[in-house]
Amino acid sequence: MERRSSTPNRTNTKHLEGKITFLNGDLSDQNSLLRCVKESNPDEVYNLGSQSFVYESWNTPEHTSEVTGLGVLRILEAIREFNTKIRFYQASSSEMFGRMVENPSKETTPFYPRSPYGVAKLYGHWITKNYRESYDMFACSGILFNHESERRGIEFVTRKISDGVARIKLGLTDHITLGNLDAKRDWGYAPDYVEGMWRMLQQETPEDYVIATGETHSIKDFLTEAFNHVGIEDWSKYIKQDPRFMRPAEVDVLRGDHTAAKLDMNWEPQTNFSELVKKMVNNDLKLLKNA
């Protein structure tokens, strides 16, 4: 399902044209969701849609709540009306942990979101659990920590860095502008995490799982890895900081414990931090050279 727009954006899905059917729908429109479910008659539904940029959620908190939070309710209602046997996956977020009460965080760790995005995701998480218990639906949430890849949006810090490093290497720019360089995240590779999503819906009973690497790296670590990959050791002269990119309520560190996913689903991350960064930089170098 994709949102209709005056200029279609299939940057990350163009390779699927002719292989899958695209349906027009919107998380803010109940009827469109019910129509999409009826038309596709699916065995499984994966909700990966949201206003997903944390920084933007302070600028558009109502829209973020409407789509990221209530959008989940609308999909669940569409499934409940059409066929409660459909298995449903909700993309929950490590941002629900926010100011971490427990490090690393696991499925039983109390939530403490620090952004409108995190709060909206928490609503989606709990309404999924509520529908599971109220209507005996196979509905579960994957609490995924940061998962990056070559397809990450350019506004996100990891892609901003990989694209910026590639441009600096090719002489197309001389700096990258960033916010807090000390924030630490548990970064994994998106394809590994998508396999975790799929495995959740293959279980006999629906359960919520944390999907993470269990390791943390700072923005500075990401910069060091990316610049080293293109042969630049001292990256300090290429970085500018701008207060506009600082969060009103910062999340200093996020780290997850995927023990339950390993024990129950035999899931573990296959791609390490260094490999992830190199994949992203190599892809941006390729894109820019072919532009």
Side-chain angles (χ1 to χ4, degrees), residues 11-13 15 46 48 50 52-55 91-95 97 100 103-105 142-170 176 178-200 209-233 235 238-239 245 251-259 261-262 265-290:
T11 303
N12 288 335
T13 54
H15 63 292
Y46 295 80
L48 311 183
S50 74
S52 60
F53 190 31
V54 178
Y55 181 83
S92 287
S93 169
S94 59
E95 289 287 337
F97 293 120
M100 293 181 67
N103 184 357
S105 294
I143 309 174
L144 271 57
F145 280 68
N146 293 61
H147 41 295
E148 314 296 322
S149 81
E150 301 89 330
R151 295 178 184 165
R152 179 56 112 172
I154 199 71
E155 71 272 18
F156 290 85
V157 66
T158 51
R159 183 71 192 290
K160 198 173 183 181
I161 291 172
S162 64
D163 174 74
V165 167
R167 288 178 183 277
I168 289 168
K169 175 64 176 178
L170 298 175
I176 308 171
L178 302 170
N180 180 16
L181 303 184
D182 295 314
K184 294 180 178 180
R185 294 291 183 269
D186 185 331
W187 277 306
Y189 190 44
D192 295 346
Y193 285 40
V194 171
E195 183 178 335
M197 299 177 192
W198 176 80
R199 289 192 185 197
M200 285 183 215
Y209 289 98
V210 165
I211 299 293
T213 70
E215 300 178 2
T216 56
H217 298 275
S218 67
I219 305 291
K220 290 178 179 177
D221 293 335
F222 203 103
L223 286 165
T224 298
E225 198 72 46
F227 274 103
N228 280 346
H229 186 55
V230 298
I232 298 173
E233 291 188 11
W235 48 259
Y238 298 106
I239 301 300
F245 298 121
V251 173
D252 298 316
V253 60
L254 288 173
R255 179 176 169 230
D257 178 352
H258 67 277
T259 300
K262 182 179 179 179
M265 305 188 298
N266 195 31
W267 181 89
E268 284 191 277
Q270 302 299 310
T271 309
N272 66 36
F273 177 70
S274 179
E275 292 169 337
L276 162 64
V277 178
K278 290 173 182 176
K279 283 176 182 286
M280 293 182 68
V281 173
N282 286 339
N283 184 69
D284 280 317
L285 283 168
K286 181 180 178 181
L287 288 176
L288 291 167
K289 287 177 181 176
N290 294 337

Taking C-beta and beyond as the side chain, do V277 and H217 meet within less than 4.5 Å on heavy atoms? no
Between D163 (side chain) and R159 (backbone), is there a donor-acceptor pair under 3.5 Å? no
I'd like to know if D182 pairs up with K220 as an ion pair, taking the criterion as any Lys NZ or Arg NE/NH1/NH2 lying under 4.0 Å from an Asp or Glu carboxylate oxygen. yes
Working note: L178 + L223, criterion side-chain contact (heavy atoms from CB on, under 4.5 Å); need CA distance, chi angles, decisive distance, verdict. CA-CA 11 Å; L178 302 170; L223 286 165; 4.1 Å; yes
Which atom names give the shortest non-hydrogen contact between M280 and S149, and what distance separates them? CE-O, 3.4 Å
Whether the S218 and D221 side chains hold a donor-acceptor pair (N or O, under 3.5 Å, no angle test) is what I'd like checked. yes
Are Y189 and E150 close enough that some pair of their side-chain heavy atoms sits under 4.5 Å apart? yes
When rounded to the nearest 0.5 angstrom, what distance separates CD1 in I154 from NZ in K160? 9.0 Å
Using a strict 4.0 Å threshold on nitrogen-to-oxygen distance, state whether R199 and E195 make a salt bridge. yes
If I take atom CD1 from residue I219 and atom OG1 from residue T224, how far apart are they, to the nearest 0.5 angstrom? 11.5 Å
Step by step, work out the side-chain contact (heavy atoms from CB on, under 4.5 Å) result for V281 and K169. CA-CA 10 Å; V281 173; K169 175 64 176 178; over 6 Å; no
Report, as yes or no, whether the 6.0 Å neighbourhood of atom NZ on K184 holds more than 12 heavy atoms from other residues, nucleotides or ligands. no
Could you check whether any side-chain heavy atom of N282 comes within less than 4.5 Å of a side-chain heavy atom of H229, counting everything from C-beta outward? yes
Taking C-beta and beyond as the side chain, do N228 and E233 meet within less than 4.5 Å on heavy atoms? yes
How close do P269 and H258 get, counting heavy atoms only, and between which atoms? CD-NE2, 3.8 Å
F145 vs T213, side-chain contact (heavy atoms from CB on, under 4.5 Å): CA-CA, chis, key distance, verdict: CA-CA 8 Å; F145 280 68; T213 70; over 6 Å; no
Y209 OH to W267 CH2 distance, which is reported to the nearest 0.5 Å: 13.0 Å
Nearest heavy-atom pair of G256 and A212: which atoms, and what distance? CA-CB, 3.6 Å
Verify whether one side chain among T259 and D257 offers a donor that lies under 3.5 Å from an acceptor in the other. yes
Are a donor atom and an acceptor atom from the side chains of E148 and Y193 found within less than 3.5 Å of each other? no
Which heavy atom in S105 sits nearest to a heavy atom in M100, and how many Å separate them? OG-CE, 3.2 Å
Between R167 and D284, does any side-chain N to carboxylate O distance fall below 4.0 Å? no
If you take all heavy atoms of A226 and I161, which pair is closest and at what distance? CB-CG2, 4.0 Å
What distance separates L288 CG from L170 CG, expressed to the nearest 0.5 Å? 6.0 Å
Any donor and acceptor pair, going by atom type alone, linking the side chain of D186 with main-chain N or O of G214 inside 3.5 Å? yes
Smallest separation among heavy atoms of I176 and V165, with atom names: CD1-N, 3.7 Å
Could you check whether any side-chain N or O of N12 sits under 3.5 Å from a backbone N or O of R151, counting only pairs where one atom can act as donor and the other as acceptor? yes
What distance separates E225 CD from F273 CZ, expressed to the nearest 0.5 Å? 6.0 Å
Could you grab the distance from atom CG of L276 to atom CZ of R152, nearest 0.5 Å is fine? 10.5 Å
Apply side-chain contact (heavy atoms from CB on, under 4.5 Å) to residues R185 and T158 and explain how you reach the verdict. CA-CA 11 Å; R185 294 291 183 269; T158 51; over 6 Å; no
Please work out whether the ring planes of W235 and F227 are parallel, tilted or perpendicular, with thresholds of 30° and 60°. parallel
